[in-house]
Structure formats: C-alpha cells, structure tokens
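First, the structure itself, so that you have it in front of you.
Worth knowing before you read on, the calculation uses all heavy atoms, side chains too, and leaves out hydrogens, waters and symmetry mates. Just so it is clear: chains get the letters A, B, ... in the order the sequence lines come, proteins before strands, and each one is counted from 1.
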Protein chains: 2
Amino acid sequence: MQDPFTDDVPPEPHSTPAAVRPISGRRARNKTATRESIVSAALELFESKGFEATTTREIAMKAGVAEGTVFNYFETKDDIALHFFEAEVDHAIATVRADPTLKGAALEEKLFALVHSQIEYLAPYESFIGAAFVRALRPSSKLALSPRALELRARYLDFVQDLIEESLPKRRARQLGWIAPQAFWIYYLGVLLYWLHDSSPAKQNTLAFLDRSLRFGTAFLREGGI
Amino acid sequence: MQDPFTDDVPPEPHSTPAAVRPISGRRARNKTATRESIVSAALELFESKGFEATTTREIAMKAGVAEGTVFNYFETKDDIALHFFEAEVDHAIATVRADPTLKGAALEEKLFALVHSQIEYLAPYESFIGAAFVRALRPSSKLALSPRALELRARYLDFVQDLIEESLPKRRARQLGWIAPQAFWIYYLGVLLYWLHDSSPAKQNTLAFLDRSLRFGTAFLREGGI
DNA sequence: GACGAAAAGTGAGTGCGCTCATATTTATTG
DNA sequence: CAATAAATATGAGCGCACTCACTTTTCGTC
C-alpha cells in the first residue's frame with residue numbers, strides 16, 4: 001500500500017512507459033474526502049470536548065470510518081492536531097507575502113506581521129493546539145523529525161531567511177547565515193509557549209512582548225556582535 | 001489518607017494537646033524508603049531503556065512494590081521523571097549561591113553559571129528528561145500548575161530576581177519588576193530545548209549560544225528600552 | 001466483462017497508564 | 001493486650017491509543 005501520509009505523487013513507476021499515469025480520479029477523490037472528514041470530525045470534537053477528552057474511536061465514528069482508518073491517515077492522535085499547525089505556517093507565510101503594505105517595511109514589522117498572523121490563525125484552536133504542539137517539541141518525538149515536519153520547518157526558515165536578506169545588507173546577511181533563522185525558530189516557539197499561557201485580555205501581554213523583543217532582536221541582527 | 005505527594009509535616013491535629021506529635025519513626029522511614037526505591041528503579045530503567053519504553057509495571061516490580069503503590073507516590077509517570085528536574089533546579093541554585101568566585105561577578109556570569117550548572121546536572125538524564133519535561137510545558141498539563149511545580153518555579157524566579165537586584169541599580173531593578181525573571185524563565189526553557197536538540201560535541205553550540213545571548217540580554221536589562 | 005494486483009478500509013486484539021475497592025500494616029487509646 | 005482508627009499497599013480492572021491480519025474496493029490489462 002502506498003504511504004497515505006504523503007500526498008505527493010508517487011515516484012514514477014518503472015513499468016509505465018511514456019504516458020503520464022492519470023492516478024485515477026475516484027481513488028484520489030475518495031482519499032481526500034476521507035481525510036477531510038476525519039479532520040473536520042476531529043476539529044469539532046476537539047473544540048467541543050478538548051483534545052484529551054476526545055477519543056480516536058469518537059473521531060472515527062463521527063467521520064464515518066473504522067478506527068483503524070484514522071491511523072491510516074495520521075500516525076498518531078497528536079498528528080491530527082498538528083495538521084492545523086501546518087496549515088497555520090503556510091497561511092502566515094502567504095499572508096505576509098501578499099500584504100502590499102509590507103513591501104518596503106522594516107524587518108521587525110515583517111516579522112511581527114508573520115508571528116502575529118500565526119497566533120491569530122491559531123486562536124480558534126488555542127484550547128487544543130498546545131497539547132499536541134508542545135509534545136511535538138520533544139527530542140524523542142517522531143513528529144519533529146518526520147519528513148513532513150522537517151519540510152514544514154525548512155519552508156518556514158527559508159521564508160524568514162528571505163525576509164532577512166531583503167532587509168539587511170548582503171554582507172551582514174551572509175555573515176549571519178543560518179543562525180538567525182534558527183534562533184528565530186526557537187524564539188517563535190518561545191512566543192507560542194508564552195501565548196498559550198497568556199491569560200491577559202486579547203493576549204495583550206504576548207503582543208507587547210512580541211513588539212518589544214522583535215524591535216530589540218532586529219537591532220541585534222543589524223549591528224549586534226555575533 | 002494523608003496526601004503522600006507532600007512531605008510536609010501534617011497540620012497540627014486538633015486532638016493532640018501540648019506534646020509534640022512524634023509522627024512515629026517507622027512510618028516516615030518506610031515511606032521515604034519506598035519513595036527512594038521507586039525513584040532509583042525508575043532511574044535505572046529510564047537510563048537503560050528510555051522513558052517511553054519503560055512501563056510503570058516494570059518500575060513497580062523493580063522497586064518491589066505493587067503498581068498501584070507507584071501512583072500513591074507520583075501522580076503520573078511524567079511526574080517521576082520530573083523529580084530529577086526538581087532536584088536540578090535546587091542543586092543549581094545552591095551551587096551558584098555557594099560559589100565564592102561569583103560573589104562580585106557580573107550578572108551575565110552569574111546567570112551563565114546558573115544555567116550551565118543546570119544543564120550539567122541534567123546531562124546524565126538527557127536521554128529521558130526531555131520527554132517528561134517538555135510535556136510539563138503544556139498549558140493543559142496538571143504538572144505545570146501543581147502546587148509543587150508552582151513552588152519550584154517561584155523559588156527559581158525569586159533567585160533570579162535576587163541576582164538581578166544584586167547587580168543592577170535599585171531603580172532599574174524596581175522598574176523591571178517581575179518581567180525580567182519571567183522572561184528569563186522562558187529563555188531558560190528555550191535554552192533547554194536547544195540543548196536537548198543540540199548534537200554538537202560537548203554541547204558546544206548550546207554553550208556558545210548561552211554566552212552570546214546572555215551577554216546581550218544583560219546589556220538589555222541594564223539599559224534596554226523596556 | 002473477467003482477472004489479478006494493489007490500495008484502502010476494517011475491527012478484534014494488545015499493552016499501556018492509571019483507578020479504586022479492598023486488604024494489610026502501623027499507630028493510638030483505654 | 002485488645003480494639004479501633006488511620007495510613008499505606010495491593011492488583012484486578014478500565015478505557016485509552018495504536019496494530020495487524022484480514023476483507024473489500026478500485027482499476028489497469030486482456
């Protein structure tokens with residue numbers, strides 16, 4: 001059976017010659033339909049009862065599939081919640097890219113917009129995203145090292161790297177290399193933790209912290225002594 | 001039954017008049033003996049097979065108690081691993097306090113010594129501590145809000161606050177208030193995450209990162225624009 | 001269409017962390 | 001030394017996430 005965890009087109013089968021394999025319609029449609037019904041069933045249940053209280057049996061029942069099927073699409077229950085986390089990263093990158101007012105803006109403004117967009121997107125899922133998200137940080141977690149997660153992280157780091165290169169002198173950017181995006185990744189995780197625990201109205205504390213620390217951090221990038 | 005999760009002396013029983021209740025010897029000795037045998041059994045197993053692969057049944061068997069007994073002493077399996085984390089914090093605070101060469105040192109040196117002592121202490125447990133430690137960060141985690149954890153965190157923050165007050169002008173310290181220690185707590189968690197994932201020889205990357213970021217961070221505390 | 005192979009779906013089964021009604025041990029009191 | 005009470009220990013049992021040997025569906029090929 002083809003690995004259902006990747007939506008990638010399978011590697012060109014050696015037996016099929018020239019004609020592009022159509023990868024027949026019904027299969028693919030059923031597959032994405034099943035996947036979506038699992039995701040939306042999980043979302044409803046997570047939101048109404050929370051992550052821990054939702055069982056995979058319930059998700060399967062609500063989605064109209066067998067319990068085993070759920071695990072054909074997601075390796076673990078955590079993985080289901082992480083689906084929303086992935087969507088968040090892609091959404092935030094697209095948002096920042098698409099915003100014309102950010103074109104010539106300072107680096108800290110772009111980064112603020114990026115992180116702000118991320119936590120805004122996650123807000124509706126706050127009640128359950130932390131459970132899975134934080135678990136994925138464990139070194140022992142297979143999630144953090146799964147091809148999917150690595151690819152997601154790479155996309156994010158690439159984007160941050162792009163933002164830095166847009167705003168910094170070439171020399172300085174090259175000097176910083178990969179350290180800056182990596183540090184930013186850690187920083188982002190810290191902000192998320194802060195956000196998850198932040199009980200101030202409208203998450204003011206997180207936003208204030210974001211603003212101050214970013215202004216300071218970008219100053220560091222520009223002139224700081226790395 | 002008296003809560004076995006606290007080692008505190010129980011509140012003065014209303015029936016006993018003047019005489020100090022001896023809190024008879026055998027009980028207390030048995031209790032700490034059992035607790036220690038559970039902890040050391042767990043440690044051996046965690047180190048040899050890892051955290052996830054170790055079952056609570058095994059721990060109980062190796063400790064020579066019933067499985068239920070393990071849960072009379074620790075609320076969850078995570079809690080057992082966190083025992084070592086607690087010990088680490090207390091040990092690090094004591095170490096920094098006891099080091100005479102740090103008496104008049106700069107703030108960044110004290111903080112470096114603090115965090116360095118912490119990760120050095122955790123080194124032998126690296127293979128398993130992350131699993132439980134990171135899980136305790138979840139907002140939904142009961143661990144993060146348990147009286148024990150809160151008290152530990154308070155002790156740590158108090159200590160950091162002390163260090164700051166020793167090194168900064170009174171005005172500045174008062175102006176910073178609780179923000180600085182809290183930020184430092186997040187920073188410390190970030191460093192731990194970094195450390196857990198750091199595969200460089202002798203964790204050089206972590207130490208280098210520590211050094212640079214602390215020097216920068218303390219400069220921020222002194223003059224920065226909070 | 002009929003056939004075979006591969007993809008997708010199934011659900012009883014497994015071992016886990018953890019609970020709880022009960023049994024055992026320890027301490028106190030007359 | 002009973003008798004009672006309280007602390008502690010016990011292990012069968014529970015519901016969970018997850019597995020795997022198997023069935024059903026899909027689809028290219030003749």
Side-chain angles (χ1 to χ4, degrees), chain A residues 1-7 10 13 15-17 19-35 37-38 42 45 49-61 63-81 131-132 135 142-143, chain B residues 1-7 10 13-17 19 21-35 37-38 42 45 49-61 63-81 131-132 135 142-143:
Chain A
M1 147 178 162
Q2 200 210 318
D3 181 359
F5 298 110
T6 79
D7 289 335
S15 56
T16 312
V20 180
R21 194 81 92 81
I23 279 298
S24 156
R26 179 140 56 186
R27 276 245 175 103
R29 251 180 296 119
N30 285 348
K31 225 168 92 168
T32 61
T34 303
R35 189 184 185 87
S37 71
I38 291 172
L45 289 166
K49 333 176 39 176
F51 181 79
E52 318 276 1
T54 300
T55 73
T56 52
R57 266 189 256 278
E58 287 175 299
I59 296 174
M61 214 163 67
V65 298
E67 194 177 1
T69 301
V70 171
F71 291 95
N72 286 341
Y73 284 85
F74 297 93
E75 286 190 296
T76 65
K77 185 183 162 189
D78 288 343
D79 236 349
I80 304 176
R135 211 180 297 187
K142 282 165 273 165
L143 284 183
Chain B
M1 147 178 162
Q2 202 209 317
D3 181 0
F5 298 110
T6 81
D7 289 334
H14 31 283
S15 57
T16 312
R21 195 79 93 81
I23 278 298
S24 156
R26 179 140 55 185
R27 276 248 173 102
R29 250 179 297 118
N30 284 349
K31 224 168 93 169
T32 62
T34 304
R35 189 184 184 87
S37 71
I38 290 172
L45 288 166
K49 331 177 39 177
F51 180 79
E52 318 276 1
T54 300
T55 72
T56 53
R57 270 186 251 277
E58 287 174 299
I59 296 174
M61 212 163 69
V65 298
E67 195 178 1
T69 302
V70 172
F71 290 94
N72 285 341
Y73 284 85
F74 297 93
E75 286 189 294
T76 65
K77 185 182 164 190
D78 288 342
D79 237 349
I80 305 176
R135 210 179 297 186
K142 282 165 273 167
L143 286 183

Candidate nucleotides D:dC18, D:dT10, D:dA9, ranked by approach to the side chain of A:Phe71 - the nearest: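 Nearest to the side chain of A:Phe71 among the choices is D:dC18.
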Select from B:Thr55 and B:Asn30 the residue whose nearest nucleotide in DNA chain C is closer to the 5' end of that strand.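 Checking each residue's closest nucleotide, the 5'-ward one belongs to B:Thr55.
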Under 4.0 angstrom between A:Lys31 side-chain N/O and C:dA8 OP1 or OP2: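 Looking at the OP1 and OP2 atoms of C:dA8, one of them is under 4.0 Å from a side-chain N or O of A:Lys31.
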What are the two closest non-hydrogen atoms of B:Val70 and B:Ala60, and how far apart are they?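 So the minimum-distance heavy-atom pair works out to CG2-CB, 3.7 Å.
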Expressed in angstrom and rounded to an integer, what is the separation of B:Met61 atom CE from D:dA9 atom P?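 Rounded to whole Å, this separation is 19 Å.
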Specify the closest pair of heavy atoms between B:Glu67 and B:Arg57, including all atoms of both residues, with the distance to one decimal.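 So the two residues come closest at OE1-NH1, 3.0 Å.
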Distance, rounded to the nearest Å, where A:Asn72 contributes CG and D:dT23 contributes P: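 About 17 Å, once rounded to whole Å.
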Quick one: does A:Tyr73's side chain get under 4.5 Å of A:Val65's, heavy atoms only?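 The answer is no, as the side chains (C-beta and beyond) never meet within the 4.5 Å cut-off.
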For B:Glu58 and C:dC18, what is the distance between atoms CD and C1' respectively, to the nearest whole Å?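 Those two atoms, CD and C1', are 16 Å apart.
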Closest nucleotide among C:dA8, C:dG17, D:dT10 to the B:Ala66 side chain: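 In terms of side-chain proximity for B:Ala66, the closest of C:dA8, C:dG17, D:dT10 is D:dT10.
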Mind calculating the distance between CD (A:Glu52) and P (D:dG15) to the nearest angstrom?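 Taking atom P of D:dG15 as the reference, CD of A:Glu52 is at 18 Å.
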Heavy-atom closest pair, residues B:Asp78 and B:Phe51: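 Smallest heavy-atom distance, with atoms named: OD1-CZ, 3.4 Å.
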Send over the distance from A:Asp79 CG to D:dT19 P, rounded to a whole Å.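 My rounded result for the distance is 12 Å.
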Under 4.0 Å between a side-chain N/O of A:Tyr73 and OP1 or OP2 of C:dG9, yes or no?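 For C:dG9, OP1/OP2 do have a side-chain N/O of A:Tyr73 under 4.0 Å.
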Record whether the side chain of B:Glu67 comes under 3.5 Å of the base of C:dC18 through a donor-acceptor pair of N or O atoms.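 Answer is yes: a donor-acceptor pair is held.
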Spacing between A:Phe74 atom CZ and C:dA8 atom P, to the nearest angstrom: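 So the CZ-P distance, A:Phe74 to C:dA8, works out to 15 Å.
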Is any side-chain nitrogen or oxygen of B:Thr69 closer than 4.0 Å to OP1 or OP2 of D:dT8?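 Checking D:dT8 against B:Thr69, no side-chain N or O comes under 4.0 Å of OP1 or OP2.
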To the nearest angstrom, how far is B:Arg29 atom CZ from D:dA7 atom C1'?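 The distance from CZ of B:Arg29 to C1' of D:dA7 comes to 16 Å, rounded to the nearest Å.
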Nearest listed nucleotide, side chain of A:Arg57, among C:dG9, C:dC18, D:dC18: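 Closest nucleotide to the A:Arg57 side chain: D:dC18.
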Given atom CD1 of B:Ile59 and atom C1' of C:dC16, what is their separation to the nearest angstrom?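 It works out to 12 Å between those atoms.
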Does OP1 or OP2 of D:dA9 have a side-chain N or O of B:Thr34 closer than 4.0 Å?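 For D:dA9, OP1 or OP2 has a side-chain N or O of B:Thr34 closer than 4.0 Å.
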Within the structure, does a side-chain N or O atom of B:Lys77 lie under 4.0 Å from either OP1 or OP2 of C:dC18?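 Answer no for this pair, as no side-chain N or O of B:Lys77 is under 4.0 Å from OP1 or OP2.
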Testing the basics here: between B:Thr54 and B:Gly50, what is the closest heavy-atom pair and its distance to 0.1 Å?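 What the structure gives for the nearest pair is OG1-O, 2.7 Å.
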